[in-house]
Structures are given as structure tokens and as C-alpha cells.
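Here is the structure we will look at.
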Amino acid sequence: MKHHRPTTLGEFLMENQEKFPYATGELSQLLSSIRLASKVVNREINKAGLADILGLAGSENIQGENQMKLDVFANDTFIRTLRSMGEVCGVASEELDDFISFEDNIHSSSKYVVLIDPLDGSSNIDVNVSVGTIFSIYRRISEPGSPVKLEDFLQPGNAQVAAGYVVYGSSTMIVFTTGHGVNGFTLDPSIGTYCLSHPNMKIPSKGNIYSINEGNYVHFPEGVKKYIKFCQTLDLKSNRPYTSRYIGSLVCDLHRNILKGGIYIYPTGTMSPNGKLRLLYECNPLALIIEQAGGRATNGEIRILDIKPSKLHQRVPYFAGSTEMVLEAESFLVER
Ligand code: AHG
Ligand code: MN
Ligand code: MN
């Protein structure tokens, strides 16, 4: 029997370089930086349960350094790694109020900006439940050579040149797109290498999972309440009742739904008038992945990727997943 060695992420980036937008090699290098940072973050997340015996966030470790909370650690690791290379002129992060501009000669002439949710689902860390990282990459629109501007970060999601996520789960995976489909790589911890495990990922057009925080039910719009009841109603032909799955780590909830087929909803509610999820760090990158995998992502009315952002930390309602299911949910939002 012929034995195949899996393609590594490094090999994949080299082999596909000319297919990437602009094909200068810079985007491959940028993705390599994200790959490296994700391994460092993965190592720390794997040790999270040892925090009590090795020292808690806020306390000092043996070397006298302050222990950092993992979301701060992840934020610093990604930003430091991106800054150490020359492809990126600025970063915006969910963890920071404002964007960071890398203002030396090398970086200010770079073409790319990165937007990142360094640790998604951070409330799950303490209880050993999967978390993730989400990233989004754009070409700057301001002139290279000048400091990066807010407008470089406030581009609609349809201008993304690449986007992806990392799942720190029962195994660690990186999934990304450069606009030519979606590929997933699983980290082989014994050699510290990501290997292509999920080539050309496609989301089923229909599934039977619905993912929504039903604790907020009484605060949801009427259409969403009706859709939830629809999901719960028996209809053998349509495979209903659907099954409810909600981890509370957006990346992991969506990753599961991409593989199995399903819908993820974070709607508006009386307590969160624009929903909770952030357009730039969460919704846009995951919308690009979902569309590239053949699915649909909207705010209930319009395509997430067509929304023109007005501020960095803008929140939007989110309906994402299997195309037929998202269309079905949307039909409940308009008068039926
Ligand atoms: P983060 O940890 O980056 O702040 O994101 C948390 C988000 C998202 O991961 C998750 O789907 C959602 O918050 C869960 O919100 P609820 O607890 O309101 O369901
Ligand atoms: Mn998040
Ligand atoms: Mn976060």
C-alpha cells in the first residue's frame, strides 16, 4: 500500500503561493507568523489547568515575571509575532481600545493590516472547554510609507484577502481561506507541525443543529422566538426537532456546524440591542470562511460581508451556517 505523508501547512503555503491574492509571498509569510503564534498560544492553553500549581494570573512565577491572563498572553503573542516580521503595518485587536500602528521604516511601507480576536470563548478556559483565535487580513487602503489609518481597518468584510481561525480543542486546528476555498490543518503535537487534514472544507447546505444562547430567549425578537419553536417542532421529513448545541466559544460552535451542518445565531436582544458579536474580529472573518465553504452569513437581512463598518468594536446580530437553514431563519424575521 502506498503510504502518503500528509502535506504540512508550510508546504501548502509554498505550493499555493501563486494562487494567493497578489502572489508576492508576503501573505504566505504573514500566515506563517500566525501559524507560529498559534503554536505558542496553544502551548500555554494546554497548561491552563496547571495555573493553580504553577502560579495564577496576577501572581509572580519563579523568574519573578508576572503571570498573564491567557487572553492578554494571546493578544501579546500574536501582536509581537506579527511585529517581528515585516508584512504588517498595523493590528486591531478585540483586546485593545484602539488599533496599533507599527511605525518604523520597514513596517510603515508594508501592505497588510490584521484584525484579531486573540482568544475567543475565554470564559471557557477555566473549565477545560475548547477556545479559539479568529483573524482577518486586509490590504491597507492608505498609502504605504505613511502611518496606517483607521480607514484601513474599517473596510467591509468583502475586501478581506484572507481570514481564518484556530481551534484549541481536543486537537488543535487552523482553518483559513485566501478566497480559494477553505482548508483545515491539524496540529501533530509530536512534531509540532500542522498537517492538512480537512482539504477543501464544505458546509452541508442543511443540517440539524441549531446553536443559540436560549437563556436570552425572553429578550429575543419575535421572529427569532418563532424560529426556535420551529426548530423544536416535530417534522420527520425535515429532520426536526433539530438538536441544540451551544459551547459558548463562537469559533468552536461554528467549526462544528461547518463540519456537520447547522445554524449559529446571536440575535439582537433587549440586553444587547446590536447583538454581542463583533463585526470586525469575529463576524467578518468567520463569514468569509463560511461563504467560501458554501454557507451563508447575514445580520438577518443583509450579507455580513457587505456591511460598511463605522467603528472598530461595532457589534452586529449574526445568522451563520448552512445556507438553507439561514434562509429558513431569515424568513421568520420578516412578517410571515
Ligand atoms: P470572547 O471570549 O472573545 O469575548 O467572545 C465570547 C463570545 C463568543 O465566543 C461566544 O459565542 C459568545 O461570546 C457567547 O456569548 P453568551 O455567553 O452571551 O452566549
Ligand atoms: Mn470572541
Ligand atoms: Mn476574545
Side-chain angles (χ1 to χ4, degrees), residues 34 37-38 41-42 44-45 48 57 68-79 82 91-100 114-136 157 163-169 173 175 209-221 224-225 228 244-258 262-290 297 299 304 309 312-321 326:
I34 290 175
S38 76
V41 171
N42 180 59
E44 291 306 304
I45 286 173
M68 268 187 275
K69 288 184 68 169
L70 274 171
D71 35 16
V72 179
F73 178 85
N75 184 60
D76 290 358
T77 302
F78 278 100
I79 292 176
L82 291 169
V91 177
S93 164
E94 186 206 81
E95 291 290 326
L96 304 171
D97 291 341
D98 208 352
F99 65 86
I100 298 181
V114 175
L115 294 93
I116 191 156
D117 178 354
L119 200 64
D120 174 64
S122 40
S123 68
N124 279 323
I125 274 278
D126 299 351
V127 289
N128 203 359
V129 168
S130 302
V131 293
T133 294
I134 313 171
F135 59 91
S136 171
Y165 62 81
V166 184
V167 175
Y168 311 98
M173 277 191 76
V175 174
I209 296 174
Y210 74 106
S211 307
I212 184 167
N213 184 345
E214 271 180 75
N216 295 323
Y217 183 86
V218 297
H219 304 282
F220 288 154
V224 173
K225 287 182 182 168
I228 290 174
S244 167
R245 290 285 182 273
Y246 192 80
I247 299 169
S249 300
L250 170 68
V251 180
C252 307
D253 276 309
L254 268 176
H255 179 68
R256 179 203 54 237
N257 289 6
I258 290 171
I263 183 169
Y264 179 97
I265 303 178
Y266 210 112
T268 57
T270 43
M271 302 195 300
S272 45
N274 298 312
K276 177 184 182 189
L277 301 179
R278 281 140 290 211
L279 174 61
L280 297 181
Y281 315 110
E282 296 174 317
C283 300
N284 268 337
L286 294 172
L288 185 65
I289 294 267
I290 285 168
N299 66 359
I304 289 292
L312 279 178
H313 296 281
Q314 185 170 344
R315 296 173 195 268
V316 285
Y318 203 44
F319 296 74
V326 175

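All ligand and atom numbering here is 1-based and tracks the order in the structure. This one's a predicted model, so the numbers in the text were calculated from it and none came from an experiment. Each residue takes its place number in the sequence, starting with 1.
Considering backbone and side-chain atoms alike, N216 places every N or O at 3.5 Å or more from each N or O of ligand 1. Distances between N or O atoms of L277 and those of ligand 1 include no value under 3.5 Å. Where the criterion is an N or O separation shorter than 3.5 Å, residue side chain and backbone included, K276 meets it with respect to ligand 1. Inclusion of E94 in the set of residues having an N or O under 3.5 Å from an N or O of ligand 1 is warranted. For ligand 1, the polar-atom distance check finds no N/O of D253 at less than 3.5 Å from any of the ligand's N/O atoms.
At the shortest separation from atom 10 (C) of ligand 1 among protein heavy atoms lies G248 O, 3.3 Å. Looking from atom 2 (O) of ligand 1 to the surrounding protein, the closest heavy atom is G121 N, 2.8 Å. Of all protein heavy atoms, the one closest to atom 18 (O) of ligand 1 is Y266 OH, 2.5 Å.
Counting atoms of ligand 1 from 1 in the listed order, those under 4.0 Å from a heavy atom of S249 are 9 (O). Per-residue contacts place E282 under 4.0 angstrom from the following atoms of ligand 1 (heavy atoms of the residue considered): 3 (O), 5 (O). Interface atoms of ligand 1 facing L250, defined by a heavy-atom separation under 4.0 Å, are 8 (C), 9 (O), 10 (C), 11 (O).
At least one side-chain heavy atom of P267 sits less than 4.5 Å from a side-chain heavy atom of I212. Considering only heavy atoms from C-beta on, D120 comes within 4.5 Å of E282 through its side chain. Within the 4.5 Å cutoff, no side-chain heavy atoms of F78 are placed close to those of L119. By the 4.5 Å heavy-atom criterion applied to side chains, F220 and I228 are counted as neighbours. A 4.5 Å side-chain heavy-atom check between H313 and Y281 finds at least one atom pair inside the cut-off. Counting heavy atoms from C-beta outward, V175 and H255 have side chains that approach closer than 4.5 Å. Between I79 and I100 the shortest side-chain heavy-atom distance falls below 4.5 Å.
Atom OE2 is the N, O or S atom of E282 at the shortest distance from the Mn ion (ligand 2).
A side-chain donor from one of S93 and N75 sits under 3.5 Å from a side-chain acceptor of the other. Judged purely by distance below 3.5 Å, without hydrogens or angles, the side chains of S249 and N124 pair a donor atom with an acceptor atom. Side-chain atoms of T268 and N274 form no donor-acceptor pair, as typed in the model, at a separation below 3.5 Å.
In S122, the parts holding a heavy atom less than 4.0 Å from any atom of ligand 1 are both the side chain and the backbone. Of the heavy atoms in E95, none comes closer than 4.0 Å to ligand 1. Within the 4.0 Å heavy-atom criterion, the part of Y264 lying near ligand 1 is the side chain and not the backbone. Within the 4.0 Å heavy-atom criterion, the part of D117 lying near ligand 1 is the side chain and not the backbone.
Using a 4.0 Å cutoff on heavy atoms, L119 counts as a contact of ligand 1. Using a non-hydrogen distance threshold of 4.0 Å, Y246 registers as a contact of ligand 1.
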task = Go through T133 and Y168 one step at a time and tell me if the side chain to side chain donor-acceptor pair (under 3.5 Å) criterion holds.
result = CA-CA 8 Å; T133 294; Y168 311 98; 2.8 Å; yes
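Comparing heavy-atom distances from atom 9 (O) of ligand 1 across D120, N213, V131 singles out D120 as nearest.
Excluding water, every protein N/O/S atom under 2.8 Å from the Mn ion (ligand 3) is given here by residue and atom: E94 OE1, D117 OD1, L119 O.
Between I304 and the options L277, L288, V316, a side-chain contact (heavy atoms from CB on, under 4.5 Å) holds for only V316.
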